[in-house]
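Please read all numbers here as calculations on a predicted model, not as lab measurements.
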Amino acid sequence: MTTQTDIPPAETGGERRSWLREHSELGVCVLLLALGVLVLTDALTMDVDIAQRGPVGPKTVPLVVGAGLLVIAALLAVDVLRGGRGQAEGGEDIDLSEPADWRTVLLLAGVFLGAAVLIEPLGFPVAGALLFWGAAFALGSRRIDRDPLIAAGLSLVTYTVFNNLLGVPLPGGPLMGVL
């Protein structure tokens, strides 16, 4: 009678899981590669009249960023496949053997997606305040007496800086006439 411990790791898939676990940084390489391809595709399909913009137009920065993402993905993949591993900083107080806190990750993703959906009908000041408050809640803050006020203030300051000082128009929503 054979037990699970009698079967060599290659037969149970343990060797493959071990290799994937030891090379998990390749996931970051794939993400950087996909992001680089997306940025380059968007930049190359951008419709811009070069005569109106001059030699350095709106395509320049996305092309440089996209190419940089591809180069970094390739260099990181080569390093990982040669045995390189990211080392934890000396000051980090995390236990890498503990599983990820998926509740927090999912809460943050939900708050971010909710803000993205609400930004058009409610405007940035309201959606941004909900984003900042939701992120604080997801990360563990339970101060309902001050967190909404801080989130609203931070959202209004962000809106004012981008909309008025930097000239980046953000949707104001129902507060457009007030701000």
Side-chain angles (χ1 to χ4, degrees), residues 3-5 7 9-42 62 65-66 68-162 168 170-171 173:
T3 64
Q4 187 70 15
T5 57
I7 301 172
E11 293 180 29
T12 63
E15 188 174 305
R16 180 179 174 162
R17 279 191 219 119
S18 174
W19 188 89
L20 287 174
R21 188 174 291 262
E22 290 175 9
H23 296 89
S24 60
E25 291 95 344
L26 289 175
V28 175
C29 298
V30 171
L31 179 67
L32 290 172
L33 177 71
L35 192 59
V37 168
L38 177 68
V39 169
L40 284 175
T41 302
D42 282 349
V65 169
L69 286 168
L70 294 179
V71 168
I72 289 171
L75 291 174
L76 181 59
V78 167
D79 182 52
V80 169
L81 292 174
R82 287 185 176 175
R85 287 192 61 113
Q87 297 296 320
E89 292 183 23
E92 288 186 17
D93 59 350
I94 59 169
D95 185 6
L96 296 177
S97 64
E98 289 292 319
D101 183 8
W102 288 107
R103 179 183 179 274
T104 302
V105 172
L106 292 175
L107 277 172
L108 284 171
V111 165
F112 180 75
L113 289 175
V117 168
L118 295 174
I119 196 167
E120 197 61 41
L122 298 180
F124 183 84
V126 174
L130 292 173
L131 172 69
F132 295 137
W133 187 17
F137 181 84
L139 294 172
S141 179
R142 299 297 185 261
R143 297 287 307 264
I144 57 173
D145 57 333
R146 72 165 188 203
D147 287 349
L149 296 173
I150 293 172
L154 186 58
S155 181
L156 287 173
V157 167
T158 303
Y159 176 79
T160 303
V161 166
F162 275 86
V168 177
L170 296 174

Near L113 CG, under 6.0 Å, is it more than 12 heavy atoms from other residues, nucleotides or ligands? yes
Nearest heavy-atom neighbours spanning L26 and A77: CD2-CA, 4.1 Å
Student check: side-chain heavy atoms of I119 and P171 closer than 4.5 Å: yes
Residues in side-chain hydrogen bond (donor to acceptor under 3.5 Å, both in side chains) contact with T41, at least two apart in sequence or another chain: none
Let me see the working for L139 and L108 under side-chain contact (heavy atoms from CB on, under 4.5 Å), right down to the final yes or no. CA-CA 8 Å; L139 294 172; L108 284 171; 3.9 Å; yes
If a pair satisfies side-chain hydrogen bond (donor to acceptor under 3.5 Å, both in side chains) and one of its residues is in residues 109-124, list it, with sequence neighbours excluded. none
Begin from the C-alpha positions of L70 and L40 and carry the test side-chain contact (heavy atoms from CB on, under 4.5 Å) through to its verdict. CA-CA 9 Å; L70 294 179; L40 284 175; 3.3 Å; yes
Contact check, side chains of L130 and V111, non-hydrogen atoms, under 4.5 Å: no
Here the gap from L31 atom CG to E25 atom CD, rounded to the nearest 0.5 Å, amounts to 13.5 Å
Mind jotting down which residue pairs meet the salt bridge (charged side-chain N to carboxylate O under 4.0 Å, His left out) criterion with at least one end in residues 129-154? Sequence neighbours excluded, please. R143-D145
Nearest heavy-atom approach of L131 to A115 is CB-CB, 3.8 Å
The criterion is side chain to side chain contact (heavy atoms under 4.5 Å, CB included); which residues satisfy it with L76, sequence neighbours excluded? V28, C29, L32, V80
Applying side chain to side chain contact (heavy atoms under 4.5 Å, CB included) to A151 and not counting sequence neighbours gives F132, W133
Check A152 against A129 and note the closest heavy-atom contact, atom names and distance. CA-CB, 3.9 Å
Output the distance between atom CD1 (I72) and atom CG (D79), rounded to the nearest 0.5 Å. 13.0 Å
Taken in chain and number order and not counting sequence neighbours, the residues that satisfy side chain to side chain contact (heavy atoms under 4.5 Å, CB included) with D101 are R103, T104
In chain order, what residues pass the side chain to side chain contact (heavy atoms under 4.5 Å, CB included) check against V78, with sequence neighbours excluded? R82
